[in-house]
Amino acid sequence: DTDKTSHSLRFESRDHLSHVVSHINFALSRIFNNSIFASSCFSDFSFLFSSFVFLSRLRLSGGFSETYAALCDYNGISCKEEVQWDVDTIYHSQDNREFNLLDFSHLESRDLAVIVASMAYNTWFTKLYCKDLRLGSEVTEQVLHTVSKSSCLEELTLENAGLKSDFPQKMSAALSENPSAVIHSLNLSHNSLDNQGTCSRRNLYVFLSQPNCLVHLDLSGTDCCVDSLYGALLRGCCADLSFLNLSKNAFSHRKLKDTLPLFRQFFSSAFSLTHVNLSSMKLPPDVLRSADLFLISTVALRSAGASVIQELFPRVSSIATLDISDNGLDADLLTLLPAFSRHPSLKHLHMGRNFNIKNSRVLDDVLQKLVQLIQEEECALQSLSLSDSRLRSRGTVLVNALGSNTCLRKVDLSGNSMDDIGAKMLSKALQINTTLRSVTWDRNNTSAAGFLDVARALEQ
Ligand SMILES: *[C@@H]1O[C@H](CO)[C@@H](O)[C@H](O)[C@H]1NC(C)=O
Ligand SMILES: *[C@@H]1O[C@H](CO)[C@@H](O)[C@H](O)[C@H]1NC(C)=O
Ligand SMILES: *[C@@H]1O[C@H](CO)[C@@H](O)[C@H](O)[C@H]1NC(C)=O
Ligand SMILES: *[C@@H]1O[C@H](CO)[C@@H](O)[C@H](O)[C@H]1NC(C)=O
Ligand SMILES: *[C@@H]1O[C@H](CO)[C@@H](O)[C@H](O)[C@H]1NC(C)=O
Ligand SMILES: *[C@@H]1O[C@H](CO)[C@@H](O)[C@H](O)[C@H]1NC(C)=O
Ligand SMILES: CC(=O)N[C@H]1CO[C@H](CO)[C@@H](O)[C@@H]1O
């Protein structure tokens with residue numbers, strides 16, 4: 001199917017023929033080494049020669065189309081011309097080096113496997129992307145094979161791709177086979193990588209503790225136990241890691257005493273770390289199953305979480321963005337907020353959905369601490385999000401403070417039921433000259449009268 005023309009070759013002897021065949025065999029076995037497509041016994045001469053032709057051709061898009069055609073041929077599946085056309089025409093003309101598997105999600109799993117396999121030796125594509133598409137085992141096998149061979153693949157995104165918990169360990173093995181691996185960005189978010197939060201030390205943790213050159217790591221919503229992760233991160237991911245997303249994972253209270261030093265050590269050793277998302281950490285299911293335990297550990301855990309942040313944070317000098325929203329911090333904010341004070345690099349703080357504080361005196365104290373934070377002279381914060389915190393009328397103290405604040409450029413106060421009175425306070429704050437450039441005020445039960453106040457203030 002690759003090359004319909006016939007070629008005549010004449011050999012002087014049977015020996016010469018064997019010599020040519022064994023040479024091609026050797027060349028092909030090197031190219032398809034270790035792949036499910038490899039075979040030590042190439043007996044189909046017509047395949048050999050069409051492959052010989054493709055190998056000697058000029059390679060467009062790093063030879064993707066030719067490799068793909070040969071692999072289809074070898075596996076006895078029909079080669080999809082649209083795949084070749086898309087790569088040679090669309091991807092190539094747009095200089096697009098991110099291969100998006102969703103472009104071919106309508107094809108069968110076997111086709112996808114061959115497409116991914118074609119990337120193993122490809123020099124054009126540097127990124128492989130897939131989201132919300134369950135990858136069958138034959139496709140993931142080929143992803144791993146590509147990881148073990150490619151010297152060009154820099155970014156791998158497999159979000160919500162139905163990966164199994166053994167994936168990280170296999171990935172680790174694949175990477176260790178590949179001395180020229182250059183993967184620096186990995187997004188495995190929303191795959192169940194740790195069997196329901198059992199914190200098995202064998203898979204993800206082994207992978208992360210191998211020395212690597214990861215810069216971007218997104219493990220959000222992967223059921224991994226964040227507390228067990230830091231030891232591994234400390235060993236393998238300290239040097240270059242700049243982006244870490246661990247939101248929507250479990251935070252176990254067990255062995256907290258042991259893990260606290262690792263936490264601290266990691267954050268104070270990860271010099272390049274600038275973005276950390278620790279929002280929505282959920283409890284392990286075994287704790288959730290027992291209602292009694294749930295109550296006890298919730299209290300312990302949440303204070304523990306706050307103390308972790310409080311203790312580690314002043315040491316971390318590089319973090320610029322921190323998201324700790326939806327962590328049930330509540331009254332613990334009182335001791336936590338001073339940790340952020342005068343932090344040299346922290347610019348963006350997201351802490352909404354942590355204000356479920358029944359005692360209104362405590363809530364007032366917490367809000368007062370926040371006001372102090374944004375009114376400090378050396379305040380480096382540029383944006384603050386307090387969204388969905390249901391602050392109601394109590395939040396107006398903060399809105400007032402916005403008037404005299406000189407650091408915040410952006411504030412998100414949506415979902416706080418601040419009503420028209422809050423809008424009125426906002427309009428006053430906006431009339432005083434401030435540094436604010438962006439205010440988000442959705443879902444605050446504000447009527448037209450409230451917005452009229454704000455509009456008048458903006459005119460002035
Ligand atoms: C090819 O595979 C064999 C067996 O798995 C392995 O020993 C060998 O190192 C591989 N060669 C290359 C070039 O990857
Ligand atoms: C990884 O996937 C998540 C979830 O879809 C996405 O929001 C995030 O931006 C991705 N992370 C990176 C580093 O690209
Ligand atoms: C982190 O993960 C969450 C959940 O998957 C996602 O919503 C968010 O966009 C991710 N990226 C950043 C920058 O935090
Ligand atoms: C952090 O993750 C949450 C999801 O848990 C997401 O909604 C939020 O936007 C992320 N924060 C940042 C700063 O990107
Ligand atoms: C407000 O700020 C703008 C831009 O920084 C400046 O031009 C203006 O004079 C200021 N107005 C007052 C009343 O301070
Ligand atoms: C919305 O505001 C009105 C008065 O402006 C008040 O009566 C009502 O209770 C508020 N609703 C909520 C959900 O806060
Ligand atoms: C009218 C309006 O926007 N109402 C919303 C105000 O904010 C609360 C949450 O804080 C929402 O529940 C309301 O629907």
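Just so you know, residue 1 is the first one in the sequence shown, and it goes up from there. The structure presented is a predicted model; accordingly, all values stated were derived computationally and were not measured. Start at 1 and go down the list; that is how both ligands and their atoms are numbered.
- For Ser279, a nitrogen or oxygen atom sits less than 3.5 Å from a nitrogen or oxygen atom of ligand 4, counting backbone and side chain alike.
- Atom CD of Glu108 sits in a sparse spot, with 12 or fewer heavy atoms from other residues, nucleotides or ligands closer than 6.0 Å.
- The nearest protein atom to atom 13 (C) of ligand 4, hydrogens excluded, is given as His350 NE2, 3.4 Å; this is a heavy-atom distance.
- For ligand 3 and Ser247, the ligand atoms under 4.0 Å from any heavy atom of the residue are 2 (O), 3 (C), 4 (C).
- At a 3.5 angstrom cut-off on N or O pairs, Asn277 counts as close to ligand 4.
- Taking the centre of each ring, Tyr129 and Phe99 stay at or above the 6.0 Å mark.
- Listed by atom number, the atoms of ligand 3 under 4.0 Å from His190 heavy atoms are 4 (C), 5 (O).
- With Asp218, Asn160, Asn245 as candidates, the residue nearest to atom 1 (C) of ligand 3 on a non-hydrogen basis is Asn245.
- With hydrogens left out, the protein atom closest to atom 12 (C) of ligand 4 is Asp323 OD2, 3.5 Å, a heavy atom.
- Between Asp388 and Arg390 there is no salt bridge, since no side-chain N of the basic residue sits under 4.0 Å from a carboxylate O of the acidic one.
- Closest of all the heavy-atom pairs between Asn356 and Asp330 is N-OD1, 3.1 Å.
- Within the 4.0 angstrom cut-off, atom 5 (O) of ligand 4 has one or more protein heavy-atom neighbours.
- Of the residues His216, Glu155, Glu159, the one that meets the side-chain hydrogen bond (donor to acceptor under 3.5 Å, both in side chains) test with Asn187 is Glu159.
- Between Ile421, Asn445, Thr446, it is Asn445 that holds the heavy atom closest to atom 14 (O) of ligand 6.
- Against a heavy-atom cut-off of under 4.0 Å, His275 is close to the following atoms of ligand 3: 12 (C), 13 (C), 14 (O).
- Those atoms of ligand 3 that come under 4.0 Å of a heavy atom in Phe243, given as number and element, are 12 (C), 13 (C).
- Residues Asn405 and Thr435 come closest through the heavy atom pair O-OG1, 3.3 Å.
- Of all atoms in ligand 3, listed by their number and element, those nearer than 4.0 Å to a heavy atom of Ser220 are 2 (O), 3 (C), 4 (C), 5 (O).
- Tested against Trp441, the residues Thr446, Asn416, Asp412 include a single side-chain hydrogen bond (donor to acceptor under 3.5 Å, both in side chains) partner, Thr446.
- Aromatic pair Phe167/Phe207: ring centres not closer than 6.0 Å.
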